[in-house]
Structures are given as structure tokens and as C-alpha cells.
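Order of the sequence lines sets the chain letters (A, B, ...), proteins ahead of strands, with each chain counted from 1.
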Protein chains: 2
Amino acid sequence: MAFGSSSSASIADVAKLAGVSTQTVSRVANGSDAVRPATKERVLAAMAELGYRPSFAARSLRAGSYHSVGLAMSGDIAATGRRYQVEGVATAAAQHRYAMTLLQLPDDEATLSEASRRMSSLPVDGQILYLGSDPSDFASFEPPAALPTVIISTRHHSHCATVSNDQMGCAVSIVNHLTQKGHREIRFVGGRRDSYANVSRQKGWEQALRTRGLHVVEPFHGDWTADSGYELGARLAQDETCTAIFASNDAIAVGVIYALRDAGLRVPEDVSVIGVDDSLVGVIPHLDLSSYRFNGTRVGAIAFDLATNPPEGGEIPHILVPGTIVERSTVAQASR
Amino acid sequence: MAFGSSSSASIADVAKLAGVSTQTVSRVANGSDAVRPATKERVLAAMAELGYRPSFAARSLRAGSYHSVGLAMSGDIAATGRRYQVEGVATAAAQHRYAMTLLQLPDDEATLSEASRRMSSLPVDGQILYLGSDPSDFASFEPPAALPTVIISTRHHSHCATVSNDQMGCAVSIVNHLTQKGHREIRFVGGRRDSYANVSRQKGWEQALRTRGLHVVEPFHGDWTADSGYELGARLAQDETCTAIFASNDAIAVGVIYALRDAGLRVPEDVSVIGVDDSLVGVIPHLDLSSYRFNGTRVGAIAFDLATNPPEGGEIPHILVPGTIVERSTVAQASR
DNA sequence: CTCTTGAATGTTAACGTTAACATTTCTCAT
DNA sequence: ATGAGAAATGTTAACGTTAACATTCAAGAG
């Protein structure tokens, strides 16, 4: 058992103990087959005895790359909607045997340039910036030449590749889904007005309705909670013509459903309700809620690819990843 | 604008362009005040022109440390219960201006030794291992001498510092809370039997009841979902004497509440219900659920401390971090 | 004008690793 | 035995940075 050796043993210490050159130790450490089994044994024994740990610093200095991708974030790692994308990047990295360096920024330093500045001195070959919906320097930010940069953002950026969930597409899909079931009076119930995602969903909904020549009723907005959904749902219950409701997230959808039921309407027989994020599975008894599930895994995978293997020239990519509808409860239009 | 320079500029390139020595560039890069303003200007200009990015590899090779902590995980980063601890580590790291290297392991490689082996070649000064509830090599694992190791685990380990949420303490607190309100017939509704957390909570509940000489009724177990909670709640509704229910998580608690109400009981007037994790805030209309909230931030902070600043000798720490009860709905015992 | 002093800048060496090349050792056909 | 060729191992140099020390320079005192 190692004893008192303060700093870790280097390849030279191992070499000396095993009676070989450092290069041979290096070969063993990297699994080269050009080492005699007997020698290999001795080296491995020496490594074990000294508790040898290869120096990442020296290796990557030599190699000129880190085999690691950086992810800069502000706010909660695991807030709904965010978590799957973070997980997606981590999974993509794991699959490529890359490490991932996570840099969490305090909210008051959550700008692209600050994130990039900090990331520059970390061991990463590429960076993925995933800040709040709208960092203050979004337009003016220029990525460092030495570090391939990807922004997770619904907005297009003039210098950086961008990827994100397709918020507009989400709305269009949902409207599609409902119209295919015969619904023509489809209302939108929004979350916070200052949320980019919420605004995009509303925009997509409105646009999809107009394309089809359907009736657009000015939507209500709340604050993403079920209680706010309930309140807005109670108002919508007065709307005699409405047969389908698109809620901007699942909590709102749940609130709306409860309000409709409390107003004597049947869900889904009278009114179909669908949410977004598919975040409430298993959490409410006897409630199967249809929802739109984003594909965070794919967003993460694409962000990883673009950051570690940036396209040479040409267009700057702006990729919107579609999700899918998880159908559990909406029904064909019925008369009310 | 930089143009075509394939690999990043080094300190030597900057020095040459600015007409100074590399040491002066180094001084500027590290904010030393022993550089004349005019010189500093020239160096900064050269850095900007070349898109200079300091080499993490060279710096840490020189320094002998990485200023970074590793977190190895298996499974979902953001599963309930896990997310706050991950976030806690990330936050602690950010506060100390450390980076965090996240290593995600596929489920079939989720052993402590594999995690440690992979982490050994990453740029970290210490590692935090946070695998599933019970990795196969928990008992036999020996941490590498060169890498301070902390395991996030409720179990005690003979060679590694361990930290975790105090599951037993959670149960004891909840029983305390309910007995203080006068409840004496307190039932437990469990999640999955193969979950370490669930088993600990049950054990703590049983122990706390016995200490007080209270009646212990053999608990039901389900699968963590609200539907399973509903089913078990429906059975408990038959239990005429029960006045308080401790559900092993919030979804179960919700299921139980609905079942009790459907059986004609009032919650909380007839029966108080409390859950664990405080995970359902804002997602169910008009439902304020009392819950036990773990202190993941503190678990993360302690894990970070132990990993980056390991105690010299003496006892191997095993720290259980208590959470707090978030009281929203339980009431004093009433007759039924 | 010289000397002293301190500020500014430069030089050297070392951190641990591995690609590229050089050397030694082994194996086997003659 | 001998030499050719292959296999195993060794040597050198370079990756980019900065601490420690060395040198140069500027400014003020005498």
C-alpha cells in the first residue's frame, strides 16, 4: 500500500521501479501490444505499487486536445425542459468517450462572453453555451477563433452554430394533431409572457390557425403553474365553442383540466387538452395527459457533434429539433 | 479577425508579435501588476489579434493541479432526488471557482472501480462517485491513493468518505412532526422495495414509532407512482384508526390523498398526509402538499469540500445531511 | 556624471507524456 | 554458428506554461 508519497508518482518513477524506460511504461499504459508479457507484468505491478495515475495535463499537452467538451449553464441544471438537453449532451459525450466539463455561471454573470472567457482556460475542445433564454450580449457576441462554439438557442446567431428544441414546430404539430381529430376551435393557454419558449409556442399556434383559416381567440397568459392554469381554465369553460385546448406546459394543462371538470365539462369528451414537456407522468392519479415531448437527447447530440466536429465553412447551422406528440387522452371533436 | 490559423496561438506567438518575452505575456495573462501599462496594451492587442487561448494543459502540468472536481454518475442526471445533489456539487464548485468534470457511465459499467479508473485519467483533483443505490463492488472498492475520493451513499464505507441525504433522519423527522401534532396512528406507504432510500425511510419510521411505543402497522409498498399510491390509499381508507400517512414520495402522497377523498374522507381534516422530496410544487391545482425536502445543496457542498480538501487522517467521515419539513397541509389530530 | 535602488523585463529549467526514430535482443532459416 | 528480419525496448525532443533567478532600465540622490 502506498505510504506517505505526497504527490502522485510519475511515469519516470514507475519506469525506474520496473527497470524499464518511460516509453515502455507509456506503451503499457496505452495498451500497446508491442510489450513482452513478462515486462508488462512488471510494469503493471510497479504502477499498482506506486498508485500511478497518468497525467491528463501532460497527455493533452502532448496531444494538443482534451477529448472533452464544455457546457456552460446558468440557473438550474435540472429545471424542466433544460434537464433533457443537459442529459443529452452528457450522453452524447459518454457515447463518444468524451468527458464533459460543466461550468455553472451565477445569474449575474450569465453572458455569452463571460461564459466563453471562463471556458477558454478550461480543458475543452469545444464549448456549448446554454444560458437563459436571452443573454444580454446575444447579438454582439463573437466566438473565440480557437474554440468551436455552439449555442443552445431558438434564435439564429450570425457567427455561431445554434441548436434547440423547435418551439414553433411544437405548436404547429399540436395544432395539426388536433385539427386531424376534427377540432376547429383550438385555444392556447400561455405561461409567462417573458419566456421565449412560451412566446414561440403562441406564435406557432396562431400561425398554424391562420394558415388553416381557423378562428384565433386572443389567449390568456399565466405563470406556468397549475393554479394559474386552473384560473385561466375556469374562464375558458365559459367559451361555449372551444373544443380543444393547447396548454403551454403540463402544469397549466392539469390546471385547465381540473377547472373544466369543476365547471361540469367532461375532459376529453367535451374538450380535449394537451400540454407540453411530458413532465407529469406518474405523478397524478388516473390522469393520462397528452403532451408534446421534446427530443433533448437529440439536441444534446447535435450540439455535441457541432462543438467537437465543427463544419468547415459554408452556412452557419441553425438546427431546430422536432419532438413528438405523446397521445394519451385527446379525442376526436364532439359536439358540446 | 483571425484567419486560417489552424491550431491555437501559443504564448510564444503572442510574445513574438508583441515584441516581448513569453514571461511578460504570462504576467499579463495572469494579471500581474509588474508590467508597464504600455507593454500591457501591446500584449493584450497581440493576444486579441491571434485569438490567444492559454493552454490549460500546460498550466496545470506546471501547477500540478487542475482546479477541477470530478463527478461520476450513472443513470439520469436529473432524476428526482438526484438532481439537487448534482446541482449542489456544481454550485459548490462554481462558488470556489472550480470547474466540474462530469462523467456519465452506462448502467452496465456503473461500478466504483470503473468510475474511478476512468476518472483517473481526467483533469480532476478529487472525485465524487454517485452511482446507483448499490454498486456491485461497494464493499471491495479501494480508492486510488492519488485521487481523493468521496462517495455519495447512505452506506458507510471503510476506505472512502461518504455523504448523503439522511433517509432515516427524514423518517424520524416526519414521525416527530406528526406526533407533535398529536397523531398516534401513523401509517407508512412505501415505494419500490428494492430502493435503498425507500427501505431506509421505512426502517426509520418503524424505529421512531417503536421508540414512542406507537402502533406499527405493516406497510404497503408500490412503485413510486401516483396510481400505485391511489391503490394503496384506497386500502388505507378502510383503516378506521389511521389519522396520518407518511408517503415515501410525493407522487404516492398525491395518490393517497385522492383515494382518501374518493372514499369520503377529508384530507387533512380526517387524515393528514405528508410526502418526501417536495417535488410537486405548482403542478397540481389547489393542492398544497406537506413534504420533506432534502438539502441537496449541502450534500453537494460537503462532497465538494471532502473531495478537494480531504481531511488528513483520523476517522473516515460518514456524513448524513438532514433536510427540513415543508409544512403546507398537515393538521393536528382530529377524531374520525 | 556616477551610484544606488527598485521597477520592468528577460532567461532558464522543469512539469509528464509520447511520436519518431534508434538501438538492442530475440527467432529462425541457412 | 551466422545473418536477416522482426520484435522489444530505449533515447530524444517537443508540447506551453511559469517560478525562480538574472539582467536591464529609469529615476533620483549625491
Task: Rounded interatomic separation in angstrom, taking NZ from B:Lys40 and P from C:dA7 - done: 17 Å
Open item on the list: Looking at A:Arg36, I'd like to know whether one of its side-chain N or O atoms comes within less than 4.0 Å of OP1 or OP2 on D:dT9.
Closed with: yes
Task: Length of the line joining B:Arg59:CZ and D:dT17:P, which is rounded to integer Å - done: 7 Å
TODO: Examine distances only and state if a side-chain atom of B:Gln104 and a backbone atom of B:Gly75 form a donor-acceptor pair shorter than 3.5 Å.
DONE: yes
Task: Minimum-distance nucleotide to B:Ala58 side chain [options: D:dG16, D:dT9, D:dT18] - done: D:dG16
- [ ] Could you tell me the separation between the CG atom of A:Leu61 and the C1' atom of D:dA13, rounded to a whole number of Å?
- [x] 13 Å
Task: Given DNA chain C, 5'-ward residue of the pair A:Ala29 and B:Gln23, judged by closest heavy atom - done: B:Gln23
TODO: Verify the contact: side-chain N or O of B:Ser26 to OP1 or OP2 of D:dT18, cut-off strictly under 4.0 Å; return yes or no.
DONE: yes
Task: Integer-rounded Å distance: D:dA8 C1' and A:Arg42 CZ - done: 12 Å
Task: Residue met sooner reading DNA chain D from 5', once A:Val35 and B:Tyr52 are mapped to nucleotides - done: A:Val35
Task: Phosphate-side-chain proximity, B:Ser60 and C:dC15, N/O vs OP1/OP2 below 4.0 Å - done: no
TODO: Can you figure out which of D:dT17, C:dT17, D:dG10 approaches the side chain of A:Ser55 most closely?
DONE: C:dT17
Task: For atom CG of A:Asp13 and atom P of C:dC15, their distance in whole Å - done: 10 Å
Open item on the list: I'd like to know if the side chain of B:Asp137 reaches the main chain of B:Thr111, judged simply by a donor and an acceptor atom lying under 3.5 Å from each other, with no hydrogens or angles considered.
Closed with: no
TODO: Look at the side chain of B:Arg27 against the base of C:dG10 and say whether a donor-acceptor pair falls under 3.5 Å; ignore hydrogens and angles.
DONE: yes
Open item on the list: Could you check whether B:Arg155 pairs with B:Asp134 (Lys NZ or Arg NE/NH1/NH2 to Asp/Glu carboxylate O, under 4.0 Å)?
Closed with: yes
Task: Out of C:dT18, D:dG16, D:dA8, whichever nucleotide has its closest atom nearest the side chain of A:Thr39 - done: D:dA8
Task: Selection from C:dG10, D:dT9, C:dT9 that lies nearest to any side-chain heavy atom of B:Ala34 - done: C:dT9
Task: Along DNA chain D (nearest heavy atom to each residue), the more 5'-positioned of A:Thr22 and B:Asn30 - done: A:Thr22
Task: Separation of atom CG in B:Asp33 from atom P in C:dT9, rounded to whole Å - done: 12 Å
Open item on the list: Please report the distance, rounded to the nearest Å, between NZ in A:Lys16 and C1' in D:dT9.
Closed with: 19 Å
- [ ] Figure out the CZ/P separation between B:Arg62 and C:dC15, and round it to whole Å.
- [x] 9 Å
- [ ] Give a yes or no answer on whether the side chain of A:Ser60 reaches the backbone of A:Ala63 with a donor-acceptor pair at less than 3.5 Å.
- [x] no
TODO: Side-chain contact test, heavy atoms from C-beta onward, threshold under 4.5 Å: evaluate it for B:Tyr52 versus B:Ile11 and give yes or no.
DONE: yes
